[in-house]
Amino acid sequence: MVFDVDGTLADTERDGHRPAFNDAFVAHGLDIEWDVDEYRRLLKITGGQRRIAADLRNRGFAHGVDALAADIHRTKTQIFRERILAGDVIARPGLRPLVASLAEQGLEMAVATTGTRRWVEPLLSQIFDGAVPEVVVTGDDVSRLKPDPEVYLLALDRLRITPESALAVEDSSSGLAAARAAGIATLVVSNFYTADEDFAEAAEVRTGYDGCTPLTAKGCRRAHHRWWAARATRP
Ligand code: XBP
Ligand code: MG
């Protein structure tokens, strides 16, 4: 089971990353504030530093944009990390019981995210309660972010498994594209920002982990099996 982080393990974007970016703009004396709708468009650019650089260019900044974006992003990362350490970011409802069910069934878990290791690590420690997966691939470990498959390919490599043995869990179309390009069957658990995206390539699409049919290890195995069975019967 290879989990994405942002939007998948925790609902981080609207009330987590977005305010942290805005506070970093203020700290750098910039009159920039990303509102909820504008941030929806900006999410198409994966990776916080790239997102900042693209927006600065869009606003007419021309010189030293990459260095400025890197500075602002460092500040944003520190702000977001402190909020995580303060306990402000929590697991999506129903995720913890799923993790317990996967552990009980002996299914190995891993993480593949475009986020930055400095905040990803403390968040994973909280969500996985001290049993953090051994394989954690972050945006710091790759040169190309999602929808490029590099994070997933590296995760498979470190897990020493083929794509057929894995199931990815994602929340967004760019994450789904990354996992699919790595050849991995993918279960999507959508959220506020991604509910209307195209998930035609997914093995299963849900709006949450909980509800009347909570996602369990058995449900994950079933989705994985159905995905590969359907492919085997295609001409
Ligand atoms: C999530 C991202 C991340 C976060 C910000 O994509 O694009 O960049 O928005 O994190 P995914 P950083 O869930 O597909 O991995 O600022 O640390 O980049
Ligand atoms: Mg995501």
Side-chain angles (χ1 to χ4, degrees), residues 2-25 27-28 34 36 38-56 66 69-84 89 91-92 95 110-124 127 136-155 168-182 184 186-195 197-199 201-202 205-209:
V2 189
F3 286 95
D4 166 50
V5 176
D6 284 308
T8 301
L9 293 181
D11 222 339
T12 46
E13 296 292 4
R14 188 183 63 185
D15 304 321
H17 288 299
R18 189 181 64 85
F21 283 114
N22 286 336
D23 292 346
F25 292 136
H28 286 262
W34 290 347
V36 171
E38 189 176 9
Y39 194 65
R40 180 189 298 279
R41 289 187 292 279
L42 287 161
L43 276 173
K44 295 288 165 215
I45 306 153
T46 53
Q49 191 176 320
R50 290 172 69 229
R51 189 171 298 143
I52 295 167
D55 190 55
L56 292 176
D66 289 329
D71 268 0
I72 298 168
H73 190 249
R74 242 187 314 276
T75 305
K76 177 262 166 182
T77 299
Q78 190 55 28
I79 292 170
F80 192 53
R81 178 182 156 89
E82 277 162 19
R83 287 181 189 162
I84 287 167
V89 183
R92 285 185 67 172
L95 176 81
V111 167
T113 172
T114 62
T116 305
R117 190 169 283 274
R118 207 166 146 65
W119 65 258
V120 168
E121 276 180 345
L123 182 61
L124 296 184
I127 288 181
V136 173
V137 182
T138 71
D140 296 313
D141 306 319
V142 293
S143 48
R144 292 176 304 275
L145 302 183
K146 297 175 190 174
D148 189 282
E150 193 177 348
V151 273
Y152 277 105
L153 293 172
L154 192 52
V169 186
E170 273 287 353
D171 69 303
S172 69
S173 54
S174 56
L176 170 63
R180 287 298 306 121
I184 307 175
T186 307
L187 191 152
V188 169
V189 188
S190 70
N191 58 44
F192 170 79
Y193 272 128
T194 64
E197 293 183 357
D198 177 7
F199 297 128
E201 278 282 297
V205 184
R206 304 172 55 102
T207 53
Y209 296 95

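Order of listing sets the numbers, starting from 1, for every ligand and every atom in it.
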request  = Report the nearest protein non-hydrogen atom to atom 18 (O) of ligand 1: residue, atom name, distance rounded to 0.1 Å.
outcome  = G48 N, 2.6 Å
inquiry  = Checking contacts here: is it the side chain or the backbone of F3 that comes within 4.0 Å of ligand 1, counting heavy atoms only? Could be both or neither.
reply    = neither
Interfacing atoms of ligand 1 (cut-off 4.0 Å, heavy-atom, T46) = 7 (O)
query = Are any of the side-chain heavy atoms of D171 and F199 separated by less than 4.5 Å?
reply = no
message = Please report whether ligand 1 has a polar contact with G175, defined as an N or O pair separated by less than 3.5 Å (distance criterion only).
response = no
query = Between the candidates T114, T113, T138, L176, which shows the shortest non-hydrogen contact distance to atom 6 (O) of ligand 1?
reply = T114
key: In the protein, N/O/S atoms that are found under 2.8 Å from the Mg ion (ligand 2), waters not counted   = D4 OD2, D6 O, D171 OD1
query = Within 45 degrees of the axis of the six-membered ring of F80 and under 6.0 Å from its centre: does R118 put its NZ or CZ there?
reply = no
task = Enter the distance from E38:CD to R18:CZ here, rounded to the nearest 0.5 Å.
result = 10.0 Å
ask   = Are D55 and W34 close enough that some pair of their side-chain heavy atoms sits under 4.5 Å apart?
value = yes
request  = Examine ligand 1 and decide if any of its atoms is less than 4.0 Å from a heavy atom belonging to G47.
outcome  = yes
query = Does the side chain of R117 reach to within under 4.5 Å of the side chain of V136, using non-hydrogen atoms?
reply = yes
request  = Could you check atom 3 (C) of ligand 1 against the protein and tell me its nearest heavy-atom contact, residue, atom and distance included?
outcome  = D6 OD2, 3.4 Å
query = Would you call K44 and E197 a salt bridge, using N to O less than 4.0 angstrom?
reply = yes
query = Looking only at distance, does E13 have an N or O less than 3.5 Å from an N or O of ligand 1?
reply = yes
message = What I'd like to find out is whether the side chain of Y209 reaches to under 4.5 Å of the side chain of V169, using heavy atoms alone.
response = yes
key: Approximate separation, where rounding is to 0.5 Å, of T116 OG1 and Q78 CD   = 12.0 Å
D6 and H17: CA distance, side-chain angles, deciding distance, side chain to side chain donor-acceptor pair (under 3.5 Å) verdict = CA-CA 9 Å; D6 284 308; H17 288 299; 2.5 Å; yes
task = Can you pull out the closest protein heavy atom to atom 9 (O) of ligand 1? Residue, atom name and distance to 0.1 Å, please.
result = R51 NH1, 2.6 Å
message = Among all the protein's non-hydrogen atoms, which is closest to atom 14 (O) of ligand 1, and how far away is it?
response = K146 CD, 3.4 Å
Proximal atoms of ligand 1 relative to Y39 (non-hydrogen, under 4.0 Å) = 9 (O)
query = Is there side-chain contact between T75 and D71, with heavy atoms separated by less than 4.5 Å?
reply = no
note = for atom 10 (O) of ligand 1, nearest protein heavy atom and its distance come out as H17 CE1, 3.5 Å
query = Counting heavy atoms only, which part of T116 comes closer than 4.0 Å to ligand 1: side chain, backbone, both or neither?
reply = both
key: Nearest protein heavy atom with distance in Å, relative to atom 13 (O) of ligand 1   = D4 OD1, 2.9 Å
task = Give a yes/no verdict on whether any heavy atom in K76 is under 4.0 Å from an atom of ligand 1.
result = yes
task = Rounded to the nearest 0.5 Å, what's the gap from CG on L9 to CG on L124? Could you check?
result = 6.5 Å
Option from T114, D140, T138 for which side chain to side chain contact (heavy atoms under 4.5 Å, CB included) with V120 holds = T138
query = For the atom pair CG (D23) and NE2 (H28), what is the distance rounded to the nearest 0.5 Å?
reply = 11.0 Å
request  = Measure up the Y39 and F21 rings against each other and bin them: parallel (under 30°), tilted (30 to 60°), perpendicular (over 60°).
outcome  = tilted
query = Looking at side-chain heavy atoms only, is the closest gap between K146 and Y152 below 4.5 Å?
reply = yes
query = Is the shortest distance from a heavy atom of G7 to ligand 1 less than 4.0 Å?
reply = no
inquiry  = Side chain, backbone, both or neither: which applies to W119 and ligand 1 if a contact is any heavy-atom pair less than 4.0 Å apart?
reply    = side chain
remark   = With heavy atoms and a 4.0 Å threshold, my read on which part of H73 contacts ligand 1 is side chain
